[in-house]
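Remarks on the structure that follows.
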Amino acid sequence: MDIFAVREYIQSKVMAAALETDPSPHFVVNEFFPPEIYEAIHTYNLFHYGEGEEWIKQKDIGRRNAETPFHLRKQIDIRGELEAPPVAVTFWKDLERVFFEDNWFGELIYNKYPQYFDIRFGPEARDPKFFDKLKSMLFVQRHDRGYSIGPHTDAPKRVFTCIFYFPQMTGGEKFGTQFLRPLDGNSRCSGHGHHDARDFEVVKTVDYAPNNFLLFFKTSSAFHGVAHIDEDVPNDRYGMQLGFYEPDGGVYKDLSGISVLDGKGLKPLLSLKLFGRKFRLMQD
Ligand SMILES: O=C(O)CCC(=O)C(=O)O
Ligand SMILES: [Fe+2]
């Protein structure tokens with residue numbers, strides 16, 4: 001793989017994309033990868049060689065976020081050890097280098113929307129080494145019928161998230177990522193928990209279409225989710241996620257002494273389910 005040529009292609013696409021701010025800052029890029037890379041993403045589809053891991057196993061879900069059947073999403077961590085023929089492993093490891101080597105993608109996204117980083121992190125975010133302080137993830141995903149994700153804004157630690165859509169044909173657009181708005185306009189979410197879709201309206205759906213791409217920045221209004229998958233979707237909603245997030249405790253020391261990012265001490269005072277809906281009384 002010619003890493004520099006792939007980067008050049010992606011960079012021009014990202015910089016040309018229109019930044020939207022409703023309901024929260026994000027942008028979409030069509031034809032995100034050069035065609036030969038998109039073809040290889042299918043030729044070397046890692047799900048040909050293994051099932052993948054359930055996002056969270058059913059036995060471990062417990063009472064958490066019952067709105068989301070986590071176990072129906074299967075994922076394979078590109079950054080871990082891959083069980084695939086060497087040519088496939090080389091392809092995915094090269095793709096990992098495209099994004100992460102020398103903090104290339106982090107810096108590209110900083111340059112795309114520096115205001116977000118400057119406001120959240122202060123001037124240190126301008127230091128090219130800033131992205132060494134963040135954690136990152138890259139995994140491919142596929143989804144079984146019955147999957148959905150209730151509206152959520154991602155964990156408070158999250159900085160930005162990318163969703164890549166890898167169908168080989170059109171027809172599954174509505175199973176892309178939905179942006180949602182709470183019906184109660186006074187609601188925001190720091191990021192702990194998935195919510196009931198009945199309390200939200202869909203603002204926009206980013207198509208699950210060939211080689212489509214979405215990036216959104218973490219804010220307390222970045223509500224998003226996936227509609228209930230109740231029919232066959234091309235390639236089982238095959239895609240990839242890339243994300244940057246703060247380490248436990250945050251990049252910087254919080255002088256308040258409260259780890260807001262980790263959600264410590266955020267147990268609901270009261271939690272009950274009535275008529276199939278969850279109600280939680282949170283402490284102030
Ligand atoms: O797969 C998607 O479209 C969204 C996934 C998501 O929101 C998440 O994993 O937090
Ligand atoms: Fe999410």
Side-chain angles (χ1 to χ4, degrees), residues 20 23-30 32 41 45-47 52-57 60-61 64-79 135-167 171-182 188-197 200 202-231 233-246 261 263:
E20 314 267 346
S24 184
H26 69 278
F27 62 90
V28 173
V29 177
N30 307 130
F32 182 84
I41 282 169
N45 182 346
L46 291 170
F47 291 111
E53 292 278 321
E54 294 174 1
W55 179 7
I56 302 178
K57 293 196 185 347
D60 298 328
I61 294 174
R64 148 174 48 174
N65 288 320
E67 318 303 336
T68 300
F70 294 92
H71 62 292
L72 297 180
R73 175 167 109 196
K74 309 294 190 298
Q75 48 193 60
I76 298 175
D77 181 5
I78 307 293
R79 316 197 78 181
K135 295 193 165 231
S136 54
M137 49 118 169
L138 182 70
F139 62 86
V140 282
Q141 58 180 11
R142 56 163 289 276
H143 304 75
D144 285 338
R145 228 172 144 133
Y147 181 78
S148 64
I149 312 184
H152 66 286
T153 64
D154 285 343
K157 285 187 258 196
R158 190 65 61 90
V159 179
F160 67 85
T161 305
C162 306
I163 312 283
F164 303 74
Y165 308 89
F166 295 158
E173 288 76 4
K174 66 182 176 192
F175 296 113
T177 311
Q178 297 176 326
F179 279 111
L180 303 112
R181 194 180 349 258
R188 296 289 183 275
C189 183
S190 63
H192 300 287
H194 293 185
H195 308 290
D196 190 324
F200 290 78
V202 178
V203 179
K204 166 178 183 173
T205 302
V206 180
D207 291 347
Y208 172 66
N211 208 359
N212 206 12
F213 167 93
L214 162 69
L215 184 150
F216 57 96
F217 296 89
K218 163 68 191 179
T219 70
S220 61
S221 60
F223 288 105
H224 61 281
V226 178
H228 184 243
I229 300 178
D230 54 0
E231 55 187 78
V233 185
N235 301 75
D236 298 331
R237 200 176 187 273
Y238 175 33
M240 184 165 81
Q241 285 202 39
L242 182 161
F244 276 87
Y245 54 99
E246 297 193 49
L261 285 181

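FYI, the numbering just counts along the sequence from 1. Source: prediction; values computed, not measured. First listed ligand is number 1; within each ligand, the first listed atom is number 1.
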Parallel, tilted or perpendicular, as decided by the 30° and 60° cut-offs, for the rings of F213 and F27: tilted
Sub-4.0 Å atoms of ligand 1 with respect to non-hydrogen atoms of R73: 5 (C), 8 (C), 9 (O)
Numbering as shown, the atoms of ligand 1 that approach T177 to under 4.0 Å (heavy-atom distance): 2 (C), 3 (O)
For atom 6 (C) of ligand 1, the protein heavy atom that lies nearest, with its residue and separation: I149 CD1, 3.5 Å
Parallel, tilted or perpendicular: rings of F179 and H224 (30°, 60°): perpendicular
For I163, the ligand 1 atoms whose distance to one of its heavy atoms is below 4.0 Å: 2 (C), 3 (O), 4 (C), 5 (C)
Within reach of ligand 1, part of T161 (heavy-atom separation under 4.0 Å): neither
Nearest heavy-atom neighbours spanning K74 and H71: NZ-O, 3.3 Å
Nitrogen or oxygen of D154 less than 3.5 angstrom from that of ligand 1: yes
R188 versus T153, side-chain donor and acceptor atoms under 3.5 Å: no
Parallel, tilted or perpendicular: rings of Y238 and F166 (30°, 60°): perpendicular
Atom CD of Q241: over 12 foreign heavy atoms under 6.0 Å: yes
For atom 8 (C) of ligand 1, the option (of R237, Q178, Q241, Q141) bearing the nearest heavy atom: Q241
Opening angle between NE2 in H152 and OD1 in D154, taken at the Fe ion (ligand 2), to 10 degrees: 90°
